[in-house]
Amino acid sequence: MNLKKREILFESSKKLKNSFVYSLTFSGVVPLFIWIWKPDIKIPLAICVMIISFLFLIIILLSYAISIVWDNYKREMKNNDVHPSIVNIRSEGDTQIIIVNKSTIFSYNIYVSFFKKESDGTEYFLGNGLVTNIQNNGLIQVTVIYWNNIEANFIQQLIAGNQHEWKKVIVKPYIEQQILNEILGGN
């Protein structure tokens with residue numbers, strides 16, 4: 001998570017301002033009832049109100065801080081689950097270089113797989129590539145090392161620059177065992 005403690009406290013205090021009047025009202029009423037129903041307590045009402053008000057405000061501040069952290073955690077996890085989409089495809093001779101959006105689940109020099117996602121949710125294997133560069137702006141440069149010939153027509157549309165088809169491609173940070181064995185020269 002990319003949150004700093006100061007940011008959490010600042011965001012919590014901003015939310016706390018919105019409910020400050022309600023919390024003060026509630027924290028003033030509760031000690032008053034406690035003080036009225038327990039008249040044999042030797043604590044003055046003012047001190048009782050201050051202590052319970054302070055505790056109540058701390059509880060509200062912590063609950064808002066936890067809420068902010070949880071929301072940011074969910075947002076981070078949601079962003080990490082999304083596979084990057086294609087930004088550009090460039091051909092250099094027989095080699096294609098695919099630029100995809102930034103993603104925290106990718107790193108330099110890893111093998112990736114390309115899949116075509118159909119409207120019914122099924123995915124078809126298109127090929128494999130190798131992450132050869134992660135640019136300063138976070139875009140990921142993938143050099144294609146293998147195309148699946150079964151999807152040749154679709155792949156030709158991708159290479160030709162059909163951006164509508166680019167949206168159907170999912171890039172995943174893994175490679176099939178069979179292809180990996182071929183790359184490594186094993187069985």
Side-chain angles (χ1 to χ4, degrees), residues 1-12 14-15 62-187:
M1 221 173 318
N2 300 328
L3 285 180
K4 296 177 183 159
K5 291 178 184 177
R6 286 187 209 152
E7 291 174 355
I8 294 171
L9 290 174
F10 179 72
E11 290 294 323
S12 298
K14 281 191 341 190
K15 284 189 174 185
L62 288 175
S63 68
Y64 281 137
I66 290 169
S67 171
I68 291 169
V69 169
W70 181 251
D71 290 344
N72 285 324
Y73 173 76
K74 288 192 299 188
R75 185 171 44 250
E76 283 288 322
M77 294 311 292
K78 181 180 177 185
N79 290 341
N80 285 342
D81 289 341
V82 176
H83 295 288
S85 58
I86 295 177
V87 175
N88 194 6
I89 297 179
R90 189 180 71 206
S91 291
E92 294 181 357
D94 291 339
T95 304
Q96 287 79 39
I97 297 173
I98 298 178
I99 307 295
V100 297
N101 287 328
K102 61 182 178 178
S103 174
T104 57
I105 59 176
F106 284 67
S107 63
Y108 172 74
N109 210 27
I110 65 166
Y111 288 102
V112 299
S113 294
F114 304 102
F115 292 88
K116 174 184 173 185
K117 186 168 186 173
E118 296 290 343
S119 58
D120 64 356
T122 56
E123 296 178 4
Y124 297 99
F125 175 70
L126 294 175
N128 295 111
L130 177 68
V131 175
T132 53
N133 186 27
I134 298 180
Q135 301 172 4
N136 288 339
N137 60 4
L139 294 178
I140 301 165
Q141 184 174 321
V142 180
T143 301
V144 177
I145 56 175
Y146 171 78
W147 283 122
N148 183 359
N149 292 330
I150 296 172
E151 294 289 337
N153 291 335
F154 181 78
I155 292 168
Q156 288 304 319
Q157 290 178 6
L158 290 178
I159 296 170
N162 187 337
Q163 293 184 7
H164 176 72
E165 300 298 339
W166 290 0
K167 295 175 184 176
K168 296 179 184 178
V169 176
I170 299 172
V171 185
K172 297 182 180 182
Y174 66 86
I175 191 168
E176 293 179 358
Q177 182 67 39
Q178 175 186 355
I179 303 299
L180 184 60
N181 286 338
E182 290 177 17
I183 292 169
L184 297 176
N187 293 329

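Any value given below was found using the heavy atoms of this structure, including those in side chains, with hydrogens, waters and symmetry copies removed. Keep in mind it's a predicted model, so treat the numbers as computed, not measured.
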Can you list everything that forms a side-chain contact (heavy atoms from CB on, under 4.5 Å) with D120? Sequence neighbours excluded, please.
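With sequence neighbours excluded, D120 shows a side-chain contact (heavy atoms from CB on, under 4.5 Å) to E118, T122, given in chain and number order.
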Which residues pass the side-chain contact (heavy atoms from CB on, under 4.5 Å) test with N88, sequence neighbours left out?
I99, W166
To the closest 0.5 Å, what do you measure between [atom1] ([X]) and [atom2] ([Y])?
| X | Y | atom1 | atom2 | answer |
| --- | --- | --- | --- | --- |
| L158 | K116 | CG | NZ | 9.0 Å |
| I86 | F114 | CD1 | CZ | 6.5 Å |
| S91 | I98 | OG | CD1 | 9.0 Å |
| E165 | I155 | CD | CD1 | 11.5 Å |

Would you say the side chain of [Y] lies within less than 4.5 Å of the side chain of [X], judging by non-hydrogen atoms?
| X | Y | answer |
| --- | --- | --- |
| F125 | Y146 | yes |
| K172 | E123 | yes |
| V144 | T95 | no |
| F154 | L126 | yes |
| F106 | V142 | no |

Considering non-hydrogen atoms only, spot the tightest contact between [X] and [Y] and give its length.
| X | Y | answer |
| --- | --- | --- |
| I140 | I134 | CG1-CG1, 4.4 Å |
| P173 | V112 | CA-CG1, 4.1 Å |
| N101 | S85 | ND2-OG, 2.7 Å |

Report the residue from I110, V100, N109 that forms a side chain to side chain contact (heavy atoms under 4.5 Å, CB included) with V131.
I110
What pairs meet the side-chain hydrogen bond (donor to acceptor under 3.5 Å, both in side chains) rule with one or both residues in residues 134-143, with sequence neighbours excluded?
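Those involving residues 134-143 are T132-T143.
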Would you indicate whether N153, at its atom CG, is surrounded by more than 12 heavy atoms from other residues, nucleotides or ligands within a distance under 6.0 Å?
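Not more than 12 within 6.0 Å, no.
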